[in-house]
Amino acid sequence: MSQLQLIDKQNVPQHIAIIMDGNGRWAKQQGENRIFGHYEGVNSVRDVVEGAGEAGVKYITLYAFSTENWNRPKEEVDALMELLVSTISMETPQLNKKNVSLQAIGNLNSLPPACLQELNESIEMTSKNTGLKLILALSYSAKWELTEAVKHIAENVKNGTLAVKDISEKLIENELCTKGIPDPELMIRTSGEHRISNFLLWQLAYAEFYFTEKLWPEFRKDDLFTAILNYQNRERRFGKTSEQLTQPK
Ligand code: IPE
Ligand code: IPE
Ligand code: MG
């Protein structure tokens, strides 16, 4: 029986965020250079996005390139940007076929112009799709996002359009790149690393974390289903006691 059939369809996380890590180590294991790992990682992206749709997930956010990743060797950064452009243009017809709409979060203006153009075209071409929303985090970091939000809020207070007493959690949420997107219930990180690496600090406040030793190029839809099943066996208490959750209201 496939893992998919074991999933309780009533309790599927509506938003899953993934730190796709381990491409470089996977390539090294194969005796190849790091870029080869990024190429193979695209096959995992395709399969996992398909699996997310099959499981009934509504939003999937993939951490594809962090603010800190700009500090990698230039050849690797250039290769990643080229891979991004070619992948987006090649995959757009499939996204349309699968009714997936593409979005992006991050400091998108820092991307090379060709990359940004391809991204915007694909976002536009898939914007009418009503199924899974695929959100790519590109040149993204949570500290950058929160700093931008604070700047904008401070400007509004300064120019008199916002009163300090009206600053609320909701207002802050509306200043983030993820405005309108529900917080992820599940965050997955591959490659055995147990850290957030500047990903969605605000939005992951109450997410369940799932870590796997598998490297990203080895992670496929069945691994996603395993993570969802693991999530379904957890009790999400949100500060309450276990008894409160099981008592009839
Ligand atoms: C994740 O794999 C992809 C990106 C960060 C772009 P890595 O490239 O970080 O692979 P490792 O962690 O070095 O193995
Ligand atoms: C996090 O992976 C960023 C992405 C997956 C895009 P990294 O490999 O860059 O993170 P660190 O350096 O191990 O924290
Ligand atoms: Mg890494």
Side-chain angles (χ1 to χ4, degrees), residues 15-49 51-52 59-88 90-91 102-112 114-116 118-119 134-147 176-178 181 184 186-204 207 209-221 223-224 227:
H15 185 177
I16 299 180
I18 307 184
I19 302 180
M20 310 183 288
D21 198 15
N23 293 352
R25 277 164 284 169
W26 181 85
K28 202 169 171 193
Q29 284 177 3
Q30 315 292 312
E32 299 280 350
N33 68 15
R34 297 180 51 84
I35 318 283
F36 182 74
H38 298 314
Y39 276 84
E40 186 56 27
V42 173
N43 293 328
S44 297
V45 170
R46 194 182 299 114
D47 200 58
V48 165
V49 168
Y59 302 84
I60 186 164
T61 299
L62 302 178
Y63 203 6
F65 194 86
S66 72
T67 305
E68 289 74 22
N69 289 149
W70 289 113
N71 299 320
R72 290 193 177 190
K74 187 178 180 306
E75 314 84 77
E76 182 167 346
V77 171
D78 289 349
L80 278 166
M81 291 302 142
E82 272 171 38
L83 180 62
L84 196 66
V85 176
S86 61
T87 304
I88 291 172
M90 221 159 63
E91 298 295 325
L102 183 69
Q103 293 181 33
I105 57 171
N107 187 5
L108 304 179
N109 287 327
S110 67
L111 296 172
C115 202
L116 186 57
E118 199 60 60
L119 185 65
L134 166 60
I135 302 148
L136 292 181
L138 291 169
S139 191
Y140 173 86
S141 74
K143 287 192 177 183
W144 165 82
E145 177 184 45
L146 290 166
T147 306
L176 302 178
C177 304
T178 49
I181 299 170
L186 174 62
M187 194 286 285
I188 299 170
R189 184 170 188 151
T190 58
S191 88
E193 307 296 354
H194 295 182
R195 56 177 170 267
I196 294 190
S197 301
N198 219 344
F199 190 39
L200 301 176
L201 291 179
W202 173 283
Q203 298 88 338
L204 293 177
F209 286 8
Y210 178 87
F211 298 105
T212 167
E213 293 295 319
K214 281 210 178 173
L215 302 170
W216 178 250
E218 302 165 335
F219 191 92
R220 295 296 152 108
K221 62 167 88 160
D223 301 298
L224 177 77

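Just follow the structure's listing: the first ligand is 1, and inside any ligand the first atom is 1.
Counting the atoms of ligand 2 from 1 in the order shown, those under 4.0 Å from a heavy atom of Asp21 are 2 (O), 8 (O). Every atom of ligand 1 is numbered from 1 in the order shown, and the set under 4.0 Å from a heavy atom of Ala64 is 6 (C). Taking every non-hydrogen atom of His38 and a distance limit under 4.0 Å, the qualifying atoms of ligand 1 come out as 3 (C), 8 (O).
Backbone and side-chain nitrogen or oxygen atoms of Asn69 are examined, and none is located within less than 3.5 angstrom of a nitrogen or oxygen of ligand 1. Below 3.5 Å of separation, one finds no N or O of Trp26 facing any N or O of ligand 1. Polar contact check, Leu80 against ligand 1: no nitrogen or oxygen pair lies under 3.5 Å apart. Not a single N or O atom of Phe65, backbone or side chain, sits closer than 3.5 Å to an N or O atom of ligand 1.
Aromatic ring orientation, Tyr140 versus Phe199: perpendicular (interplanar angle above 60°, classes split at 30° and 60°). Using cut-offs of 30° and 60° on the angle between ring planes, the pair Phe211 and Phe209 is perpendicular.
The nearest protein atom to atom 10 (O) of ligand 1, hydrogens excluded, is given as Gly24 N, 2.9 Å; this is a heavy-atom distance.
Among Tyr140, Phe199, Tyr63, Trp216, the residue whose heavy atom sits closest to atom 6 (C) of ligand 2 is Tyr63. Among Met20, Arg195, Arg72, the residue whose heavy atom sits closest to atom 7 (P) of ligand 2 is Arg72.
The pair Arg220-Glu40 meets the salt-bridge criterion, since a charged nitrogen lies less than 4.0 angstrom from a carboxylate oxygen. Look at Arg34 and Glu75 and you find no salt bridge, because none of the NZ, NE, NH1 or NH2 atoms lies under 4.0 Å from a carboxylate O.
Contact of the Asp223 side chain with the Lys214 side chain is registered, since non-hydrogen atoms from C-beta on lie closer than 4.5 Å.
Of all N/O/S atoms in Asp21, OD1 sits nearest the Mg ion (ligand 3).
In this structure a side-chain-to-backbone donor-acceptor pair under 3.5 Å is missing from Glu145 to Gly106. Formation of a donor-acceptor pair under 3.5 Å by the Asn198 side chain with backbone atoms of Lys143 is found in this model.
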* Asked: How far apart are the C-alpha atoms of Ser139 and Ser110, what are their side-chain angles, what is the distance that settles it, and do they pass the side chain to side chain contact (heavy atoms under 4.5 Å, CB included) test?
  -> CA-CA 7 Å; Ser139 191; Ser110 67; 2.7 Å; yes
* To do: Check step by step if salt bridge (charged side-chain N to carboxylate O under 4.0 Å, His left out) holds for Arg25 and Glu193.
  => CA-CA 12 Å; Arg25 277 164 284 169; Glu193 307 296 354; 3.0 Å; yes
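Less than 4.0 angstrom separates atom 12 (O) of ligand 2 from none of the non-hydrogen atoms of the protein.
The proximity of Arg34 to ligand 1, defined as any non-hydrogen pair under 4.0 Å, is limited to the side chain.
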